[in-house]
Amino acid sequence: MFKEDTICAIATGMGNAGVGIIRISGDNAISIAEKVFIPINEKISVNNMKSYTAAYGNIYDGNNIIDEGILLLMRSPHTYTREDVCELQCHGGMVVMKKVLESVIKAGARAAEPGEFTKRAFLNGRIDLSQAESVMDIISAKNEFAAKSSLKQLKGELRDVINEMRDDILYNVAFIESALDDPEHYSLDGYPQKLRIIVDNTVNNVDNLLTTFDNGRMLSEGIKTVIVGKPNAGKSSLLNMFLGEERAIVTDIAGTTRDVLEEVVNINGIMLNIVDTAGIRETSDVVEKIGVDKALDSVDNSDLVLYVVDGSVPLDDNDERIISRIIGKNVIIILNKSDLETKVDKMLINSYITGEVVELSAITGDGRDRLYDLLNTMFFEGRLSYNDQLYITNARHKKELIFAKESLLKVIESIDMGMEEDFFSIDLMDAYEHLGLIIGETARDDLADKIFSEFCMGK
């Protein structure tokens, strides 16, 4: 069915726009387009159009004109799916696009499943599985750095790194098998020691990829940031400063915020997923206590803690409770209300907890630039113009890398224990398989189906 049927879908956003695109892919894409599209220029025949050419004409549903538009024709194998592909560009109204899609289906195509165009590109060998996943990552990228990271994977850089490791593993498995079958021509004397060096290097390469995951995740998903502090320390004012609007309620009444507020902000290119929490203090109020517990839980799951201290009042037991919870986390200490008389010393705070202290007035904005500069240097090694390093951003890739590393460490253990060489092959092949799952060389159908089912329609 995959080889024979032709698929179609609306490839542009589902909303009113100037232009809408209906994409058709498959063996019958051109003949189907010929049934629904007639060029204005009578000298042009759709079936005889050259690849990567366009024609202006009318789009039909039977004998009725639906719209005027442009047909872009691309012949296999030099297309996104490596099949014949036609794109009908019509007006972008929802009614018009649906009518054109229905006409294409009547002419012999079927509606594509989510991600089926990219799935065909994968199954036809144009891209590997990691590249296919990067397509959706680019579409859903929330900032410039996430887009750049996904683009590097789309270009095949992860595939190249994985293939290099797999080639080394496969070569050594083949050598071991050859030596065991033909010991007269292939000697294993001293080989375990040589293999250990090779496996050590491969483990290091896997580790290098794994160490990029946290930064890669933060690049693609944003930095999980939690704002904590006592009631009335200025947490909600800080959130409003980040957003540039009055999102959180700010009053002089302690305990105004009782639940968590979540917002996404972009600070000089760094995306922060900010959680504003209830003020942390001892309380007998049941609802407020739930909010305090949620605040403390948010700290445990965060990448960054913004600890807001009311600089106009001395530290107390509630501050000690907060400090004990955030020790060991990435912390920026914000000494807020710098526009008032300061009663908290920076050195006093740092005697309790290590972290950069920024004096700030969330109301006037004084100190804001210093805070933003600090965010720039805390993450991604201060290189916000990053474009060289390959980042792992996909949790599935991380999982397979961990499995591959575990198998490689078993090889090292077997070598150190002086075990027979055929034991090495088992774990080497296991590592080979897990690395292959990243790029789809050993992908199971259910894995591919799951990945592509998460794609948007028309892609």
Just so I know, are the side chains of [X] and [Y] near enough to count as touching, which here means a heavy-atom distance under 4.5 Å?
| X | Y | answer |
| --- | --- | --- |
| E406 | I402 | yes |
| V203 | I412 | yes |
| I322 | V299 | no |
| I274 | L239 | yes |
| E320 | L315 | no |
| I7 | I24 | no |
| L371 | I334 | yes |
| I438 | L401 | yes |

Notebook entry, point to check: Could you go step by step and tell me if R325 and D300 meet the salt bridge (charged side-chain N to carboxylate O under 4.0 Å, His left out) rule?
Noted result: CA-CA 8 Å; R325 192 65 174 248; D300 296 337; 2.9 Å; yes
Checklist entry - Step by step, would you call K106 with E102 a salt bridge (charged side-chain N to carboxylate O under 4.0 Å, His left out)? => result CA-CA 6 Å; K106 288 179 185 177; E102 289 170 3; 5.6 Å; no
inquiry  = I need the M165 CE to D160 CG distance, nearest 0.5 Å.
reply    =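 Result: 11.0 Å between the selected atoms.
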- Message: Within this structure, what is the CD1-NZ distance for the pair I415 and K194, rounded to the nearest 0.5 Å?
- Response: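 Output value for this atom pair is 13.0 Å.
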Answer yes when [X] and [Y] have at least one side-chain N-carboxylate O distance shorter than 4.0 Å, and no when they do not.
| X | Y | result |
| --- | --- | --- |
| E116 | R120 | yes |
| R110 | D5 | yes |
| E356 | R370 | yes |
| K230 | D319 | yes |

Can you name the one residue among [options] that meets side chain to side chain contact (heavy atoms under 4.5 Å, CB included) with [X]?
| X | options | result |
| --- | --- | --- |
| I392 | L210, N208, L158 | L158 |
| L129 | R396, E441, H397 | R396 |
| L73 | N47, I30, V85 | I30 |

What are the two closest non-hydrogen atoms of [X] and [Y], and how far apart are they?
| X | Y | result |
| --- | --- | --- |
| G234 | V308 | C-CG1, 4.1 Å |
| A112 | F117 | CB-CE1, 3.8 Å |
| G108 | I32 | C-CD1, 3.6 Å |
| A431 | I169 | CB-CD1, 4.2 Å |
| E421 | P192 | OE2-CG, 3.8 Å |
| R159 | S130 | N-OG, 4.3 Å |

Side-chain donor/acceptor of [X] to backbone N/O of [Y], under 3.5 Å:
| X | Y | answer |
| --- | --- | --- |
| K405 | V206 | no |
| S414 | K410 | yes |
| E157 | L151 | no |
| T225 | I223 | yes |
| D303 | K224 | yes |
| S324 | R321 | yes |
| T12 | I21 | yes |
| D430 | I426 | no |
| T79 | R82 | yes |
| N28 | S31 | no |

Parallel, tilted or perpendicular, as decided by the 30° and 60° cut-offs, for the rings of H434 and F403:
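F403 vs H434 ring planes: tilted.
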* Mind checking what makes side-chain hydrogen bond (donor to acceptor under 3.5 Å, both in side chains) contact with D200, not counting sequence neighbours? ->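 Applying side-chain hydrogen bond (donor to acceptor under 3.5 Å, both in side chains) to D200 gives R196.
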Counting only heavy atoms not in E164, do more than 12 fall under 6.0 Å of its CD?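 No, the 6.0 Å shell around CD holds no more than 12 heavy atoms from other groups.
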Exercise. Is the number of heavy atoms from other residues, nucleotides or ligands within 6.0 Å of OH (Y171) greater than 12?
Worked result: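 No.
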**Prompt:** Taking atom types as modelled and ignoring hydrogens, do the side chains of E83 and S25 form a donor-acceptor contact shorter than 3.5 angstrom?
**Reply:**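 Looking only at side-chain atoms, S25 and E83 do form a donor-acceptor pair, the distance falling under 3.5 Å.
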> How about S407 and Y432: does a side-chain donor come under 3.5 Å of a side-chain acceptor?
Replying inline: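 No pair is found: no donor N or O on one side chain lies under 3.5 Å from an acceptor on the other.
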Would you check, one step at a time, whether the test side chain to side chain contact (heavy atoms under 4.5 Å, CB included) holds for L428 with I176?
CA-CA 11 Å; L428 284 171; I176 292 171; 4.1 Å; yes
Review point. So, for Y191 and F175, is the gap between ring centers shorter than 6.0 Å?
Key: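 Yes, close enough.
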Exercise. Please assess F242 against L306 for the test side chain to side chain contact (heavy atoms under 4.5 Å, CB included), listing each intermediate value before the final yes or no.
Key: CA-CA 12 Å; F242 280 133; L306 300 178; 3.7 Å; yes
